Protein chains: 2
Amino acid sequence: MAVSVPKQAESETTTDRRPSLHERILKDVEGRILSGEWPPGHRIPFEHELTLQYGCSRMTVNKALTDLVKRGLIERRRKSGSYVMYPHTRSAVLEIRDIKSEVEALGLDYGYECLMRTQRKATVSDRLILELRSTDEVLAILARHSAGGQPFCLEERLINLSAVPEAAAESFATSAPGPWLIGRVPWSAAEHKIRAVVADKHTAGLLGLGLGAACLIIERRTRNNGRYVTHVKLTYSGDRHELVAEFAPTRS
Amino acid sequence: MAVSVPKQAESETTTDRRPSLHERILKDVEGRILSGEWPPGHRIPFEHELTLQYGCSRMTVNKALTDLVKRGLIERRRKSGSYVMYPHTRSAVLEIRDIKSEVEALGLDYGYECLMRTQRKATVSDRLILELRSTDEVLAILARHSAGGQPFCLEERLINLSAVPEAAAESFATSAPGPWLIGRVPWSAAEHKIRAVVADKHTAGLLGLGLGAACLIIERRTRNNGRYVTHVKLTYSGDRHELVAEFAPTRS
DNA sequence: CAGTGGTCTAGACCACAGT
DNA sequence: CTGTGGTCTAGACCACTGC
């Protein structure tokens, strides 16, 4: 019969045990890396050494170090040890939010209106964008989001009706397709393209901009189960809107 | 004395054991979620049930499910169970690459030239941007990156010399400060702002653009050890450059 | 060959939230 | 009170790799 083992083996800093042990180990090592004490290329202690330092089992140490690998801070090689990674590619987490919450976060009233809604057989352009067969049908929507009574963002959306047939029954007259799709369709991957353009006459008119104004364009194509579900092109007034991205030391 | 336990307890799909067991469990559950078989709100099997299904210990199941929590796919509540998350905020991983590799990835020759380099006591503007004291010194650099002989991107950089005193000895005449900093200064966090503007006369001249061209601006402020290390403003020609972001189901 | 990490086990105790 | 997840242990076997 197995013996009940005392929980804490104690090293020295025995106070606050709110954070779990593997979390504390992770933070300790992370701290030494970020402070520069352990520079890129430095070999961090072996698992069995940390095991002794923290008075815990190898699984616990392993969990912390495995997490650090996922965060891209260290790299581990068998027989050799664990090394602080050289920062090579940096990634930023760009949070693509729901437009309504985006507007409300600015403390403004949100408005939505559907300017156009067409159901059609996929055109050549549609087929290129969503990788469709010519027999597929799509729903094309042009809508405008507003903030505080002013035009905020133009949405040009294409929905693959073969992937989301229920969308055909929705009018999207008073609520945007984005949130509807999010609540209904499981997502697995998406690609984003971000670029700047000068507003053309049509866009400028719909967004209430002067001719020649700069616009920020975000295009997103969402994939699930091996096919593209939807494509959306969002056009923002360039000087009224700013994308903010937080940094993340993600693995790459 | 502990008994050596047979490694595999086998359920049914016993073939390929290249992927580890916890990885297989993770993929299985992930697959059911992404396929829509387990929709948002669905309660996935308890750990002890999966333990039986896969014929493994609870730790192995727990590892898989803990990973799914970190990926934002499920949520776990004690006494209640584990539930498929409703997708609320979606995040995209925006990869901010080194400009040189960016250019070379396009198959073009990369060029760099330093247009201005000033070392000075922090101005009011500098102090606001990097949160400095008035006694701090900064290095200000204006540089141009080119691709295939054409101007590609303008870099306006500010380096906090209190954080990186070694930078004062660098001329940055023939190599960009970005890669130099990356190899030298540990990073912990950064903020990005992305927006579109119309090129002013000066910028248009330096980038070889027509008046009124749209530009994509990326500003990045890098933090380490509680202070800002550097700030950089990159100005790209809007229609020649496109930011690409991959999707990531990161926790939020 | 020997040492490292990768993975797994069969238990255990605890915190917490429903009932 | 009971059942769930959160964490941890003291082992174990294996794959890989540098010597």
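Basis for what follows: all heavy atoms, side chains included, without hydrogens, waters or symmetry-related copies. None of these values were measured; they are calculated from a predicted model.
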Output the rounded distance in Å from CD (A:Glu47) to C1' (C:dG3). 12 Å
Atom CE of B:Met59 and atom P of C:dC13 are separated, to the nearest Å, by 17 Å
Need one value for A:Ser82: base, sugar-phosphate or nothing, where a base atom within 4.0 Å counts as base even if backbone is also close, heavy atoms only. sugar-phosphate
More 5' along DNA chain D: A:Lys79 or B:His48, using each one's nearest nucleotide? B:His48
How does DNA chain C look in dot-bracket form if you count Watson-Crick and G-U pairs under 3.5 Å, write [ ] for pairs that cross, and put | where a base pairs with another strand? ||||||||||||||||||.
Let me know the distance between CZ of A:Arg78 and C1' of D:dG18, rounded to the nearest Å. 14 Å
Spacing of A:Leu21 atom CG relative to C:dA12 atom P, expressed in whole Å: 21 Å
Quick check: any donor-acceptor pair below 3.5 Å linking the side-chain of A:Arg58 to the base of C:dT7? yes
Please tabulate, for the side chains in residues 170-178 of chain B, all donor-acceptor contacts under 3.5 angstrom to protein atoms that are two or more places apart in sequence or on a different chain.
{"from": "B:Glu170", "atom 1": "OE2", "to": "B:Trp180", "atom 2": "NE1", "distance (Å)": "3.4"}
{"from": "B:Ser171", "atom 1": "OG", "to": "B:Ala173", "atom 2": "N", "distance (Å)": "3.1"}

I'd like to check B:His231 versus B:Glu219 (side-chain heavy atoms, cut-off strictly below 4.5 Å). Are they in contact? yes
Please enumerate all residues that pass side-chain hydrogen bond (donor to acceptor under 3.5 Å, both in side chains) together with A:His241, with sequence neighbours excluded. A:Glu102
Can you name the side-chain hydrogen bond (donor to acceptor under 3.5 Å, both in side chains) partners of B:Arg221, sequence neighbours left out? B:Glu191, B:Tyr228
Measure from CG on B:Asn62 to P on C:dT7 and round the result to the nearest Å. 15 Å
When you measure from the side-chain N and O atoms of B:Arg76 to the phosphate of D:dG5, is any distance below 4.0 Å, counting only OP1 and OP2? yes
Please check: side-chain N/O of A:Thr222 versus main-chain N/O of A:Ala190, any donor-acceptor pairing under 3.5 Å? no
Any residue meeting side-chain hydrogen bond (donor to acceptor under 3.5 Å, both in side chains) with B:Arg78, in chain and number order, not counting sequence neighbours: none
How many Å lie between CG on B:Leu52 and C1' on D:dT4, as a whole number? 15 Å
Between A:His22 and D:dC8, is there a contact of a side-chain N or O with OP1 or OP2 at under 4.0 Å? yes
Atom pair distance, as rounded to whole Å: CG in B:Leu65 and C1' in D:dT7: 15 Å
Qualifying residues under side-chain hydrogen bond (donor to acceptor under 3.5 Å, both in side chains), relative to A:Asn225, sequence neighbours excluded: none
Report yes if a side-chain nitrogen or oxygen of B:Ser80 is closer than 4.0 Å to either non-bridging phosphate oxygen (OP1 or OP2) of D:dT4; otherwise report no. no
Let's see if you can work this out: which of C:dG6, D:dA10, C:dT9 has an atom nearest to the side-chain heavy atoms of A:Ser57? D:dA10
Calculate the interatomic distance between A:Glu23 atom CD and D:dC8 atom C1'; express it in whole Å. 14 Å
